[in-house]
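Values below: every heavy atom of this structure, side chains too, minus hydrogens, waters and symmetry copies.
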Amino acid sequence: MARVPLPSARTWPAEMRAALVPLSAEAHGRPRLDLDNRPNGHDVLAAFANHPALAHAYNIFNGYVQYDSTLTPRQMEILALRVAARRECGYLWAQHLFAGRAAGLTDEEMARVAYGPTAPFLTPVESALIRAADEVLDSGVVAGATWDALTAELDVKQLLDVIFTVGCFATIGAFMNSVEIDVDPKIPDLLAR
């Protein structure tokens, strides 16, 4: 049970509805996401409804990471899933299991992300992305060898997006874990589809 109220969407203040705009694919010039076969994240949004100004500020950042980052969707999902695994955030993992599939990751590849940078069959850049996530989470610094491995395929903007993507998902994972948001109970049915 969550440590904060999870109000029904019908009772959210108008400011909370405005705070959702940066998360809209359309706001970033992208087609609307098909959420029929994915978890909707309602409980996280409901928890944020307790603080619409914070939700708006975070959603601008999250919207950038989700839609405007210079990383590929696959790279972004590798980072999101690694943060979820390292932070043991079931809610974040469940959400990004579906997003990872949409970005072209197989279940086996996502299991490799959870295993870590030494998992077999990772490409060099994927291994470096996972190491970078671990290093940012552990020490706040991407180590020199990891940085060098990333520069083999990523430009400066992408390198910066790696750091901020890890930070974005570390923040939301800490939020989900701290307020004890339960994994969406619809996940098993969605996985069966």
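- For the side-chain contact (heavy atoms from CB on, under 4.5 Å) criterion with Glu135, the lone passing option out of Val141, Ile163, Val142 is Val142.
- Between the side chain of Thr11 and the main chain of Pro7, no donor-acceptor pair closer than 3.5 Å is present.
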Going through the distances and angles, do Asn62 and Ile172 end up as a side-chain contact (heavy atoms from CB on, under 4.5 Å)? CA-CA 9 Å; Asn62 191 15; Ile172 197 70; 5.8 Å; no
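- Shown here for Leu79 and Ala133, the closest heavy-atom pair between the two residues is CD2-CB, 4.0 Å.
- Using a 4.0 Å cut-off between charged nitrogen and carboxylate oxygen, Arg30 and Glu26 do not count as a salt-bridge pair.
- Looking only at distances, no side-chain donor or acceptor of Asn59 sits under 3.5 Å from a matching main-chain atom of Pro22.
- Side-chain contact check for Ile130 versus Tyr115: every heavy-atom pair is 4.5 Å or farther apart.
- In this structure, the separation between CZ on Arg82 and CG on Leu137 is 8.5 Å, given to the nearest 0.5 Å.
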Can you list the steps and then say if Met110 with Arg101 is a side-chain contact (heavy atoms from CB on, under 4.5 Å)? CA-CA 9 Å; Met110 289 187 276; Arg101 285 176 174 175; 3.7 Å; yes
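- Gln95 contributes no side-chain N or O that, together with a main-chain N or O of Leu92, makes up a donor-acceptor pair within less than 3.5 Å.
- A distance of 10.5 Å separates CZ of Arg38 from CG of Leu190, quoted to the nearest 0.5 Å.
- Separating the OG1 atom in Thr70 from the CG atom in Leu160 is a distance of 8.0 Å, to the nearest 0.5 Å.
- The minimum heavy-atom distance linking Ser127 with Pro117 is given by the pair OG-O, 2.8 Å.
- Centroid-to-centroid, the aromatic rings of Phe175 and Tyr58 stay 6.0 Å apart or farther.
- One distance of note links CG of Leu122 with CG of Leu129; it measures 10.0 Å at 0.5 Å rounding.
- Between Glu77 and Ala99, the closest heavy-atom pair is OE2-CB, 3.3 Å.
- No more than 12 heavy atoms of other residues, nucleotides or ligands lie within 6.0 Å of CZ in Phe164, so this atom counts as exposed by the packing criterion.
- A donor-acceptor distance shorter than 3.5 angstrom exists from the side chain of Arg112 to the backbone of Pro120, with no hydrogens or angles considered.
- The closest side-chain heavy-atom distance from Val83 to Cys89 is not below 4.5 Å.
- Residues Arg131 and Leu150 have side chains not in contact (no heavy-atom distance under 4.5 Å, counting atoms from C-beta outward).
- Closest approach of Met1 to Asp182, counting heavy atoms only: N-OD2, 3.5 Å.
- Between Thr151 and Leu159 the shortest side-chain heavy-atom distance falls below 4.5 Å.
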For Tyr67 and Ser24, run side-chain contact (heavy atoms from CB on, under 4.5 Å): C-alpha distance rounded to whole Å, both residues' side-chain angles, the deciding distance at 0.1 Å, then the answer. CA-CA 9 Å; Tyr67 298 110; Ser24 162; over 6 Å; no
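- Note on Leu54 and Val65: same hydrophobic cluster, where clusters join Ile, Leu, Val, Met, Phe, Trp and Tyr whose side-chain heavy atoms are under 4.5 Å apart, directly or indirectly.
- Rounding to the nearest 0.5 angstrom, the gap separating the CZ atom in Arg87 from the CG atom in Asn177 is 9.0 Å.
- The shortest distance between side-chain heavy atoms of His56 and Glu15 does not fall below 4.5 Å.
- Considering every non-hydrogen atom in both Thr165 and Asp161, the closest pair reads OG1-O, 2.6 Å.
- Using cut-offs of 30° and 60° on the angle between ring planes, the pair His42 and Trp12 is parallel.
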Worked check of side-chain contact (heavy atoms from CB on, under 4.5 Å) between Leu45 and Leu23: CA-CA 11 Å; Leu45 299 175; Leu23 290 181; 4.1 Å; yes
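- Taking the charged nitrogens against the carboxylate oxygens, Glu109 and Arg74 do have a contact shorter than 4.0 Å, which makes a salt bridge.
- Ile60 and Phe169 fall into different hydrophobic clusters, where Ile, Leu, Val, Met, Phe, Trp and Tyr side chains are chained together by heavy-atom contacts under 4.5 Å.
- The closest side-chain heavy-atom distance from Leu81 to Leu105 is below 4.5 Å.
- Closest heavy-atom contact between Tyr91 and Gly41: OH-CA, 3.2 Å.
- Without hydrogens or angle criteria, Gln158 side chain to Asp155 main chain gives a donor-acceptor distance under 3.5 Å.
- Ring centroids of His28 and Tyr64 are separated by 6.0 Å or more, keeping the two rings apart.
- Between the side chain of Arg3 and the backbone N or O of Ser178 there is at least one donor-acceptor pair closer than 3.5 Å.
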